[in-house]
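For reference, the structure is listed below as structure tokens.
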2 protein chains.
Amino acid sequence: MTTTVTEHRRPLRADARRNHERILEGARAVFAEYGLEAQIDDVARRAGVGVGTVYRHFPTKEALLGELVRRKLRVFAENAREALAREGEPFGVFADLLRRNAEVCVADAAIQHALMAFGQHISMHAQVELEELNKPTAELMARAQRAGAMRPDVTVDDISMLMCGVSATMTQTGPGFDWHRHLEFVIDMLRR
Amino acid sequence: MTTTVTEHRRPLRADARRNHERILEGARAVFAEYGLEAQIDDVARRAGVGVGTVYRHFPTKEALLGELVRRKLRVFAENAREALAREGEPFGVFADLLRRNAEVCVADAAIQHALMAFGQHISMHAQVELEELNKPTAELMARAQRAGAMRPDVTVDDISMLMCGVSATMTQTGPGFDWHRHLEFVIDMLRR
DNA sequence: TGACAACCGGAATCGTAGTTCACTATAGTG
DNA sequence: CACTATAGTGAACTACGATTCCGGTTGTCA
């Protein structure tokens, strides 16, 4: 239903496949280091390819950013599914999931910046990934709530919202700004 | 000590003073409507002056933004001082201050965007205003804490941080994103 | 009212980045 | 080993938007 055209094409040539990966990794690194204002030329240089090659793989800068965001969301989702399989006190498991995913975030806060700058536009192209993340998260929350360890009135969307706030703290370098602390405040608030 | 050079200059000509105000107001309106990507030309048009005039008053776009931010901070501070003078249950007074200032924020979330985008650079030029806001806020918190109505471990800096998170929610149009809700979560968490 | 300094307007300039394209290189295939 | 569809390259093109500049205007003051 949401299958892309890609699947109908013959497989990429070996060098193309290799470069695709290199570009994505280069982009991740460069955006992590310089933020959104990093240029495509920088990405190309870091990846060791020409600009043209970047554009052969991603039609626009925004598309490239979009793919990076989608990958990040997949990591979040993967962690969530893993947490779902874990044994243990539900609230603790959930809190640890938040901590772990936050850690994934800081790894390159620039992507976070991207999410906020390009905002809804990009996230509209990540519906699937968002869904994939929200499903296990909701289940995890339901468990904690049934166990009476989590406020019964919080929803998955609240979590997105609150974590979005935490990640805002990450990109800010204010005095006394400490996202770890922010996150613990949030976790505390979710508790019973 | 931190007095500006302006004071040492002869007063502005009447038309210049008028334009200064118009530009600031036009900028506020335009940035509120189109966000940071609004152009100086737009500001000029809205203010009913030429671009050159804008540049006569503010050397760069960033400087203009900076002044807007500073003005906003002064409003926050004003509200805080007012709250300080108010009678009543300390925590409630403080919570209402947060609500009121949040309301001031949304009025033009673009300024908020500015704070996050230009980030630390602008806020470095708003030290004075920040101080002016933090002083009464801290006093208000101390009262609530002495009354045993507020968590004793939160600081003024925590408030900046958390409110920064709330304002991130304002600029985001995610599904199920509701900054009022976010704010109430925060207030709840601050409570004893 | 006359003179001039301060001010205004907005076309023109300049720098910056995203994007294209004409040409070259190479993986895959028979 | 040819042959060709794919892929790569980077100089050149473009669009856009901040900033400059100078001829014309206007407040102010004697």
Side-chain angles (χ1 to χ4, degrees), chain A residues 5-27 30-31 33-69 110 113-114 117-118 121-122 125, chain B residues 5-27 30-31 33-69 110 113-114 117-118 121-122 125:
Chain A
V5 184
T6 320
E7 304 181 46
H8 304 304
R9 275 212 267 266
R10 71 184 56 187
L12 290 174
R13 235 168 66 174
D15 54 347
R17 204 162 38 246
R18 195 174 339 115
N19 279 336
H20 193 83
E21 242 8 80
R22 282 169 131 210
I23 290 168
L24 239 18
E25 171 51 27
V30 168
F31 286 129
E33 184 161 358
Y34 301 108
L36 272 185
E37 56 272 25
Q39 297 155 221
I40 296 289
D41 295 52
D42 298 328
V43 172
R45 200 169 317 114
R46 179 75 64 115
V49 303
V51 235
T53 305
V54 175
Y55 278 95
R56 173 175 291 280
H57 289 268
F58 303 95
T60 66
K61 185 180 185 177
E62 191 174 345
L64 175 54
L65 250 347
E67 181 57 28
L68 285 175
V69 170
H113 243 176
F118 286 69
H121 191 234
I122 280 190
H125 293 275
Chain B
V5 184
T6 319
E7 303 179 46
H8 304 304
R9 274 211 267 267
R10 74 182 53 185
L12 290 174
R13 236 168 66 175
D15 54 346
R17 203 162 39 246
R18 196 176 335 115
N19 280 335
H20 193 83
E21 242 7 80
R22 283 168 131 211
I23 289 167
L24 238 18
E25 171 51 26
V30 167
F31 286 129
E33 184 161 356
Y34 301 108
L36 272 187
E37 56 273 26
Q39 296 154 221
I40 295 289
D41 295 51
D42 297 329
V43 172
R45 200 170 317 115
R46 179 74 66 114
V49 302
V51 236
T53 305
V54 175
Y55 277 96
R56 170 172 292 277
H57 289 268
F58 302 95
T60 66
K61 185 179 185 177
E62 191 173 344
L64 176 53
L65 251 347
E67 181 57 29
L68 285 176
V69 170
H113 242 176
F118 286 69
H121 192 234
I122 281 192
H125 293 274

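As the structure is a computational prediction, the values presented were derived from the model and not from experiment. Chain letters run A, B, ... following the sequence lines, proteins first, then strands; residues in each count from 1.
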Among D/dA18, C/dC8, C/dA11, the one nearest B/Val51 by side-chain distance: C/dA11
Closest contact, heavy atoms only, A/Ile23 versus A/Val54: CD1-CA, 3.8 Å
Answer with yes or no whether B/Arg13 presents, from its side chain, a donor or acceptor under 3.5 Å of a partner atom in the base of C/dA6. yes
Both B/Thr53 and B/Asp41 contact DNA chain C. Which one's nearest nucleotide lies toward the 5' end? B/Thr53
Taking the basic N atoms (NZ, or NE/NH1/NH2) and the acidic carboxylate oxygens, is any pair closer than 4.0 Å for A/Arg18 and A/Asp15? no
Hey, mind stepping through A/Arg46 and A/Glu25 against salt bridge (charged side-chain N to carboxylate O under 4.0 Å, His left out) and telling me if it holds? CA-CA 9 Å; A/Arg46 179 75 64 115; A/Glu25 171 51 27; over 6 Å; no
Without decimals, in angstroms, what is the distance between B/Asp42 CG and D/dG17 P? 9 Å
Nearest-angstrom distance from the residue atom CZ of B/Arg45 to P of D/dG17: 11 Å
Is any side-chain nitrogen or oxygen of B/His57 closer than 4.0 Å to OP1 or OP2 of C/dC8? yes
Nearest-nucleotide check on DNA chain D, B/Gly52 vs B/Asp15; residue mapping nearer the 5' end is B/Gly52
Give a yes/no on whether any side-chain N or O of A/Asn19 is located under 4.0 angstrom from OP1 or OP2 of D/dG8. yes
For A/Arg18 and C/dA25, give me the distance from atom CZ to atom C1', rounded to whole Å. 13 Å
Is the backbone of A/Gln39 close enough, under 3.5 Å, to the side chain of A/Asp42 for a donor and an acceptor to pair up by distance? yes
Rounding to an integer number of Å, can you tell me how far B/His20 NE2 sits from C/dC8 P? 11 Å
Atom-pair distance (CD1 on A/Ile40; C1' on D/dG10), nearest Å: 15 Å
From OH of A/Tyr55 over to P of C/dT19, roughly how many Å is that when rounded to an integer? 4 Å
Go through it in stages, so that I can follow the logic: the residues are A/Leu24 and A/Leu64, the test is side chain to side chain contact (heavy atoms under 4.5 Å, CB included), and I'd like the CA-CA distance, side-chain angles, deciding distance and then a yes or no. CA-CA 8 Å; A/Leu24 239 18; A/Leu64 175 54; 3.8 Å; yes
In whole angstroms, the gap separating C1' of D/dG17 from CD of B/Glu62 amounts to 16 Å
Protein-nucleotide distance (B/Ile23, atom CD1; C/dC7, atom P), rounded to Å: 12 Å
Contacts of A/Leu12 and A/Arg56 projected onto DNA chain C by closest heavy atom; the upstream (5') one is A/Arg56
